[in-house]
Structures are given as structure tokens and as C-alpha cells.
Amino acid sequence: MSRLPPGQQLVAAGKWPVVGERAPLPPPETWTLDISGLVEQPRSFSLGELQSFRAGQYKCDIHCVTRWSKLDVVWTGVELRTLLDACRPQPAAKFVSFMAHSPRAHSTSLPLDDALQLGVIVVWAADGVPLALEHGGPLRIVTPQRYFYKSVKWVSRVELLENDRLGYWEANAGYHNHADPWQEQRYLAARVTKQEAARLIASRDFRDRDLLGIVAAGRELAGLRAERALLRNADFRDAQLQGADFTSANLSNAHFERASLQAASLRDADLEGANFEGADLRGACLVGASIFGATFVPPGTPLAEQARRGARVDRHTQFNPVAFEQLTPEQADYLRRTWPQHGG
Ligand SMILES: Nc1nc2c(c(=O)[nH]1)N[C@H]1C(S)=C(S)[C@@H](COP(=O)(O)O)O[C@H]1N2
Ligand SMILES: [Mo]
């Protein structure tokens, strides 16, 4: 069986993208992990206590919802189960909420049974090195076999609950609450009804709207105004989008396969995990866009077929070439080879 869930691509060896928040709130003098809620014995563990508890090494893979994966990371930490045993969960406890000491009080949650069965770990090192601050140091959660948004950075509190409490992305961005990468559970269903979508498509004005998962495949949308729109997981396959303005839009995991995006603006857009296979990007602007995990040519396409199946770019297409660093090696090579501006 493939190690890579559907729709995922490997990051370059040694690379580990930073996703979401980049730093915690100012760390307190001594970091503690508090376990509370439906437990007989609430506890507060210091880092030292955690590290002396029953530290182990756990190998597991990272699968980010924005389509990059990193395999075989060796985490050093302690199993959540071990900590919970010390707190004695009450029978009414059915969910576990993980809370971060971070600017937006980030959180995520899992059914308690899943957390135990998946082997959730509380970790302080990866591949033998203490976790960098941007990756959740000094302490983060790692939830194996789920998209990485189920792994909170800078975890400071674990609370057992009777009813689920949706996490930050799950509540605010339509991320799927089950998050199984093998079933591609990235997002919930579209935020807009079919009728509403049809009306908006006719108006060609998506500005500032939350249209997660909107289906606009094959539509005639030249000149679309979509500045700052929330279009995660939107379906624009084969759409006519010449001159469309997606400045600062969130298009993470959006589908643009074979779309006409000539002279479109994707400036400062979030294009993480977006798919541009076979799209026409001549004259389009992607300056300032975040392109982690984006696809421009179908992964694994033989070189001889890439020109036919990949995105079309020309010397009027605008990229920050440094952003190619955010791509998998195969995708970066494709753009370096086909973009006439590169190096010149
Ligand atoms: N506190 C906090 N934890 C977080 C996030 C965040 O924004 N804040 N983002 C989540 C998402 S979507 C991912 S993919 C991973 C990214 O972890 P990394 O930056 O170490 O790769 O952290 C998860 N945990
Ligand atoms: Mo993510």
C-alpha cells in the first residue's frame, strides 16, 4: 500500500513547512501542561515531569491538509494515554480538546476513543532535535493518521469533555472534523447552496464573501471580482477566468485544473494546495502568493508529457521565484523549466 494518502505530495528531504501560527504567546517562565475537565484528578505537568514520565520515540508521518506530506518523523514524547491514566478520566468523558497558548487561542479536538486508539502523543522533540518554536516548541500534540491540523502547537491545556467543542480550523474554516487523510476528509460540504452559487456566478462578484467549496466548474467568469473572498476548496475546473481578480483571496486547495487564468491576479492569495494542472497562467500574477503544496503539473508525469499536461506560463506570468522553494522538487523544477523569466 502506498505510504502517501490520495492527493498528497512529498516535501523535499529535510524540509518542514510552517503552517498557521508561527509563534506562541510569550511563553511563561515555566511551561505546564494542564489536564482538566472530566477527570477525577486534574493535574498540571511541568516539562521536566513530562520528560521523566515515560518518554518514548514514536515514528509517524505528517500529512498536511494543504497536500504536503513528510514521512517517518521520529517524535520524542509521552503518550496522552499515559498522562490521562494518571488523571483518571470520568466515564462521561467522550471528547478531548487540545488548547494552545497562542495568539488566537488555537485549539482542536478528537473523540476520546480515537485519541487513545490513534496513539496521540505529547512531544518536545522531532528527529532528535528539540522542537523549534515555530513548530510548536516547547510542547505540541501529534495525532497520527489525521491531517496535521489535529496536532496543536504550543499545547498548554488538555480538557476532557462530554460533548465535542470544535477546534479553530474546524469551526472557522470548514475543515473536516474527522480529518482522515486516507479518506481525503479535508473540508465539510460547500458553504453555499446551489441556487445561491448560481446567483453569485451570474453576478461575477465574489468580493469578501465566504464561499467555501463553491462549485463553478466550467463557468464563464472572465473579469470575476473575487478580492479577499474565502474560496477554500472551490471548484473552478475548466472555468473561463481571464482577467479575474483574486487578490488576497483564500484559495487553499482550490481546483483550477485546465482553467483559463490569463492575466488574472492571484496576488497575495493563499494558494496552498491549489491545483493548476493544465491551467493557462499566461500573464497571470502570483506575486506574494503562498504556494505551499500547490500543483502545476500532475505528479509523476514523464518529462515528455509535461508540456501538454502542465500549467502554461509565459514571460508575462509573474512569480516570486523564491516562492518555488515552497513547492515539492518536481513542481519547482517544472516551473523553473517552463517559466521564461526564470534566471533571466
Ligand atoms: N497553535 C496552533 N497549532 C496549530 C496550527 C496553528 O495555527 N496554531 N496550525 C495547524 C495546522 S493547519 C498544521 S498543518 C500544523 C502545522 O505545523 P507545523 O507548522 O509545525 O508544520 O499545525 C497545526 N497546529
Ligand atoms: Mo494544516
Side-chain angles (χ1 to χ4, degrees), residues 5 7-12 14-28 31 33 60-77 96-110 115 120-127 129-159 165-181 184-188 212 232-233 250-254 270-274 290-294 325-326 328:
Q8 297 293 116
Q9 298 176 58
L10 284 182
V11 287
K15 288 256 162 126
W16 182 0
V18 178
V19 180
E21 297 177 296
R22 308 186 75 90
L25 283 179
W31 195 278
L33 178 67
C60 81
D61 305 334
I62 299 176
H63 304 299
C64 178
V65 71
T66 60
R67 299 181 188 276
W68 59 267
S69 293
K70 181 176 171 62
L71 304 183
D72 294 328
V73 182
V74 178
W75 307 96
T76 308
V96 54
S97 173
F98 304 96
M99 282 158 281
H101 182 66
S102 77
R104 61 180 175 219
H106 200 91
S107 69
T108 195
S109 69
L110 290 168
V120 168
I121 39 184
V122 179
V123 313
W124 52 84
D127 293 333
V129 182
L131 276 182
L133 195 69
E134 63 198 16
H135 286 306
L139 207 60
R140 80 175 294 160
I141 294 295
V142 170
T143 300
Q145 300 295 331
R146 291 290 180 266
Y147 286 124
F148 210 31
Y149 57 86
K150 289 292 181 184
S151 298
V152 158
K153 304 194 272 193
W154 317 296
V155 66
S156 69
R157 202 144 66 86
V158 172
E159 192 178 341
R165 183 164 66 208
L166 284 187
Y168 180 87
W169 293 117
E170 294 89 331
N172 297 307
Y175 281 30
H176 201 293
N177 197 29
H178 194 243
D180 181 349
E184 280 216 82
Q185 293 170 328
R186 297 178 200 272
Y187 295 98
L188 297 174
L212 176 129
R232 285 190 171 89
N233 217 33
N250 188 324
L251 288 158
S252 91
N253 286 339
D270 181 343
L271 304 177
E272 296 183 4
S290 177
I291 57 175
F292 276 111
E325 298 283 312
Q326 303 173 346
T328 63

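Counting starts at 1 for both ligands and their atoms, following the listed order. Residue numbers start at 1 and run along the sequence shown.
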Interfacing atoms of ligand 1 (cut-off 4.0 Å, heavy-atom, [X]):
| X | result |
| --- | --- |
| Ser151 | 22 (O), 23 (C), 24 (N) |
| Ala100 | 1 (N) |
| Gly20 | 7 (O) |
| Val152 | 3 (N), 24 (N) |

Considering only heavy atoms, does [X] approach ligand 1 within less than 4.0 Å through its side chain, its backbone, both, or neither?
| X | answer |
| --- | --- |
| Trp16 | side chain |
| Pro24 | neither |
| His106 | side chain |

Ignoring hydrogens and angles, tell me if any N or O in the side chain of [X] forms a donor-acceptor pair with the backbone of [Y] under 3.5 Å.
| X | Y | result |
| --- | --- | --- |
| Trp31 | Val155 | yes |
| Arg232 | Asn253 | no |
| Lys153 | Ala100 | no |
| Ser151 | Thr143 | yes |
| Glu21 | Arg104 | yes |
| Glu272 | Phe292 | no |
| His101 | Pro26 | yes |

Do any nitrogen or oxygen atoms of [X] come within less than 3.5 Å of a nitrogen or oxygen of ligand 1?
| X | value |
| --- | --- |
| Glu21 | yes |
| Val18 | no |
| Pro17 | yes |

In chain order, what residues pass the side chain to side chain contact (heavy atoms under 4.5 Å, CB included) check against Val73, with sequence neighbours excluded?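 Per chain and number, Val73 pairs via side chain to side chain contact (heavy atoms under 4.5 Å, CB included) with Ile62, Lys70, Trp75, Ala126, Asp127.
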Side chains of His63 and Gln8: is there a donor and an acceptor less than 3.5 Å apart?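 Distance-only check fails for His63 and Gln8.
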Check: Ser97/Glu159 side-chain N/O donor and acceptor closer than 3.5 Å: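 No, no side-chain donor-acceptor pair sits under 3.5 Å.
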Can Arg140 be said to touch ligand 1, with heavy atoms closer than 4.0 Å?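 Within the 4.0 Å threshold, so yes.
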Does ligand 1 have any atom sitting under 4.0 Å from a heavy atom of Cys64?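 Yes.
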Residue selection (non-hydrogen contact nearest atom 11 (C) of ligand 1) among Tyr175, Tyr149, Trp154: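 It is Tyr149 whose heavy atom sits nearest to atom 11 (C) of ligand 1.
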Residue selection (non-hydrogen contact nearest atom 7 (O) of ligand 1) among Arg104, Lys153, His63: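 Nearest option to atom 7 (O) of ligand 1, by heavy atoms: Arg104.
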Which residue owns the protein heavy atom closest to [atom], what's the atom, and how far is it?
| atom | answer |
| --- | --- |
| atom 18 (P) of ligand 1 | His135 ND1, 3.5 Å |
| atom 15 (C) of ligand 1 | Phe148 CD2, 3.5 Å |
| atom 12 (S) of ligand 1 | Trp169 NE1, 3.3 Å |

Pick one: which of Arg165, Lys150, His176 meets side chain to side chain donor-acceptor pair (under 3.5 Å) with Glu170?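 Among the candidates, only Lys150 passes.
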